[in-house]
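To start, the structure under review is shown below, and the notes come after it.
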Amino acid sequence: MAATKKLSSLFPLLSLICFISFFLLLSISRKASISSSTTHPQFLRFKPIDANPTTRSDPSATGDSSCDYSDGSWVYDPNAGFDRYDSSCKEIFKGWNCILNNKSNGRDIIKWRWKPRNCDLPPFDPLQFLHTYRDTNIGFIGDSLNRNMFVSLFCTLKRVSNDVKKWRPAGADRGFTFLHYNLTIAYHRTNLLARYGRWSANGNGGKLEALGYKEGYRVDVDVPESTWEKAPSFHDILIFNTGHWWWAPSKFDPVKSPMLFFEKGLPVIPPIPPDLGLDKVLNHMIWFVEKTMRPDAIKLFRTQSPRHFEGGDWDQGGSCKGLQPLLPEQVEDLFSLKNNGTNVETRLVNQHIYNALKGSNVHILDITRMSEFRADAHPSTAGGKKHDDCMHWCLPGVTDTWNDLFVTHLNSLKI
């Protein structure tokens with residue numbers, strides 16, 4: 001009886017302790033949740049009408065309908081080795097070989113691994129890839145950033161198969177066949193996808209001349225450049241890119257050497273700015289590819305590779321001196337459309353790409369978001385140029401991860 005009274009007298013105290021404990025646990029849990037979301041912010045999936053297309057992830061384009069591969073973070077492993085390939089691969093363009101060029105963090109670049117939030121993106125198996133894609137032709141079509149990716153794939157495959165012959169399909173800048181597997185990979189260089197060349201005013205006059213144009217570049221929006229016009233009828237898999245040259249005033253000066261667009265052989269009047277010209281080119285080139293490739297062929301368009309110039313553009317003293325990936329808030333400062341900074345082309349180009357691909361059977365390979373963090377992975381001053389190279393990527397480096405995503409995508413489409 002005495003024990004019962006004692007417990008009864010302690011009941012209010014025990015109840016108070018339980019309440020305080022529950023409150024503390026709830027508070028700790030909430031703080032942990034906030035901390036987690038601060039460290040790994042949730043990035044919304046992109047819809048074509050959004051202002052920021054880089055956060056989109058198309059599940060059908062990445063191989064796992066339950067995973068957003070663009071939502072993740074770079075994880076550093078100081079003990080990570082790299083047996084994919086090394087700096088001795090002779091196909092690596094000299095300016096991209098950051099290890100041989102003694103870039104201070106050249107060996108650290110490959111110790112960062114992209115970890116999507118809700119799944120994994122393991123390195124692809126090159127030997128398995130050769131077996132799976134036996135008797136296949138793969139073409140990279142685009143500017144030097146697609147060559148960056150092409151070289152990464154070649155060096156990875158060559159590490160496991162030396163039976164390689166140099167062979168270029170029609171129009172290709174470079175190409176190789178892995179003889180034992182009859183697998184060909186090739187790079188077709190094209191800056192704008194469409195055919196272009198110098199234009200000068202005709203002495204007899206014309207519509208452009210009447211508007212005061214004296215010289216510039218003629219861009220035929222409905223004519224593919226000759227370097228790749230035969231590629232769709234040869235390759236089983238095509239991966240495209242374009243974008244960097246469309247915002248290049250050093251090449252296409254809007255006053256001294258503007259882009260002048262032609263359609264069906266006639267100048268587009270009134271003349272249109274480059275962004276509208278890009279829309280026309282994308283629409284025509286997608287139609288051309290869908291018309292000329294086999295129904296079972298795989299067509300991909302890689303999203304824009306981000307540049308990381310700070311303090312000005314490449315010809316204005318811009319640099320990329322960082323030795324570690326950027327933080328999320330630094331990424332937004334550098335690439336936000338609202339800031340309209342030096343590197344704004346990245347997300348602008350993606351808007352045009354996504355809108356142009358709506359309704360087509362071209363798959364999107366979204367490498368933008370993961371790459372925006374990697375300001376540390378460009379050749380910078382080690383590129384051997386008179387200016388910092390904050391556009392191309394060190395090899396080995398980030399484009400190896402692009403190929404992991406590329407292969408994940410391909411494997412999902414073959415299932």
Side-chain angles (χ1 to χ4, degrees), residues 53-54 93 95-96 140-149 173 187-200 213-221 223-225 227-228 240-262 268 271-282 284-285 301-320 334-335 337 339-353 356 367-368 371-372 375 378-380 383-393:
T54 62
F93 179 68
W96 305 340
F140 290 79
I141 296 175
D143 57 34
S144 55
L145 275 302
N146 249 17
R147 179 183 172 186
N148 219 179
M149 186 177 177
D173 184 70
Y187 164 62
H188 299 256
R189 179 176 176 81
T190 174
N191 297 325
L192 305 179
L193 294 182
R195 182 179 70 190
Y196 77 99
R198 292 293 308 186
W199 177 89
S200 297
Y213 288 96
K214 297 180 179 179
E215 60 180 347
Y217 282 87
R218 171 174 172 158
V219 181
D220 286 275
V221 299
V223 182
E225 196 162 16
T227 55
W228 71 274
F240 293 88
N241 96 291
T242 192
H244 290 290
W245 284 71
W246 289 89
W247 273 261
S250 59
K251 179 71 173 178
F252 304 109
D253 187 284
V255 176
K256 296 179 181 178
S257 55
M259 285 180 171
L260 301 171
F261 297 100
F262 284 68
V268 176
I272 57 177
D275 60 328
L276 296 184
L278 173 59
D279 290 337
K280 280 183 170 290
V281 166
L282 288 172
H284 278 293
M285 295 305 106
F301 209 110
R302 178 179 59 72
T303 61
Q304 187 73 343
S305 170
R307 310 182 315 152
H308 286 88
F309 287 99
E310 296 190 68
D313 214 325
W314 67 270
D315 57 348
Q316 301 168 344
S319 63
C320 45
L334 205 60
F335 296 105
L337 295 176
N339 293 344
N340 196 31
T342 300
N343 309 289
V344 71
E345 67 166 50
T346 301
R347 297 185 179 184
L348 284 176
V349 168
N350 279 359
Q351 285 186 328
H352 291 273
I353 291 171
I367 57 84
T368 303
S371 307
E372 284 182 338
H378 298 286
S380 188
K385 297 183 177 181
K386 294 181 180 179
H387 60 83
D388 274 26
D389 185 350
C390 303
M391 180 170 71
H392 300 100
W393 300 95

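Under the side chain to side chain contact (heavy atoms under 4.5 Å, CB included) criterion, P273 pairs with D275, L276, not counting sequence neighbours. In terms of the ring-ring contact (aromatic ring centres under 6.0 Å, His included) criterion, residue partners of F252 (sequence neighbours excluded) are, by chain and number, Y196, Y217. A search for side chain to side chain contact (heavy atoms under 4.5 Å, CB included) contacts involving T242 returns L193, W246, L278, L282, F301, not counting sequence neighbours. In this view, H392 and W96, S144, L145, N148, K385, D389 satisfy the side chain to side chain contact (heavy atoms under 4.5 Å, CB included) rule, not counting sequence neighbours. Every side chain to side chain contact (heavy atoms under 4.5 Å, CB included) that P271 has, sequence neighbours left out, goes to L208, L211, Y213, I269. In terms of the side chain to side chain donor-acceptor pair (under 3.5 Å) criterion, residue partners of W245 (sequence neighbours excluded) are, by chain and number, N191. Applying the salt bridge (Lys or Arg N to Asp or Glu O under 4.0 Å) test to R307 and every residue at least two apart in sequence or in another chain returns D313, E345. Partners of H188 under the ring-ring contact (aromatic ring centres under 6.0 Å, His included) rule, at least two apart in sequence or in another chain, are H235. A search for ring-ring contact (aromatic ring centres under 6.0 Å, His included) contacts involving H284 returns nothing, not counting sequence neighbours. Residues that satisfy the side chain to side chain donor-acceptor pair (under 3.5 Å) test with N343, not counting sequence neighbours, are absent from this structure. In this structure R195 satisfies the salt bridge (Lys or Arg N to Asp or Glu O under 4.0 Å) test together with D220, sequence neighbours excluded. For H244, there are no ring-ring contact (aromatic ring centres under 6.0 Å, His included) partners two or more places apart in sequence or in a different chain.
Nearest heavy-atom pair across N146 and F240 is ND2-C, 3.7 Å. Taking both residues in full, the closest heavy atoms of H378 and P306 are given as CE1-O, 3.7 Å, listed atom of the first, atom of the second, then distance. Contact between G243 and Q304 at its shortest, heavy atoms only, is C-NE2, 3.6 Å. A pairwise comparison of heavy atoms in W199 and R218 identifies CB-N, 3.8 Å as the closest pair.
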Criterion side chain to side chain donor-acceptor pair (under 3.5 Å) on W393 and S371, from CA distance to verdict: CA-CA 10 Å; W393 300 95; S371 307; 5.7 Å; no
Worked check of side chain to side chain contact (heavy atoms under 4.5 Å, CB included) between V344 and W247: CA-CA 10 Å; V344 71; W247 273 261; 5.9 Å; no
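Atoms CD1 and OG1, from I141 and T190 in turn, are 8.5 Å apart once rounded to the nearest 0.5 Å. Rounded to the nearest 0.5 Å, atoms SG (C320) and CD (E310) are 8.5 Å apart. Within the model, atoms CZ of F335 and OG1 of T346 stand 5.0 Å from one another, a figure rounded to the nearest 0.5 Å.
Put simply, the side chain of S380 never gets that close to the backbone of D388: no donor and acceptor are under 3.5 Å apart. Checking side-chain atoms of T227 against main-chain N and O of R189 turns up a donor-acceptor pair under 3.5 Å. Of the possible polar contacts, one joining the S257 side chain to the K251 backbone as a donor-acceptor pair under 3.5 Å is found.
Using a 4.5 Å heavy-atom cutoff, the side chains of F140 and M149 are in contact.
Between the side chains of T368 and N350, at least one donor N or O lies within less than 3.5 Å of an accepting N or O.
Ring geometry for W314 against H387 counts as tilted: the plane angle lies between 30° and 60°, on a 0 to 90° scale.
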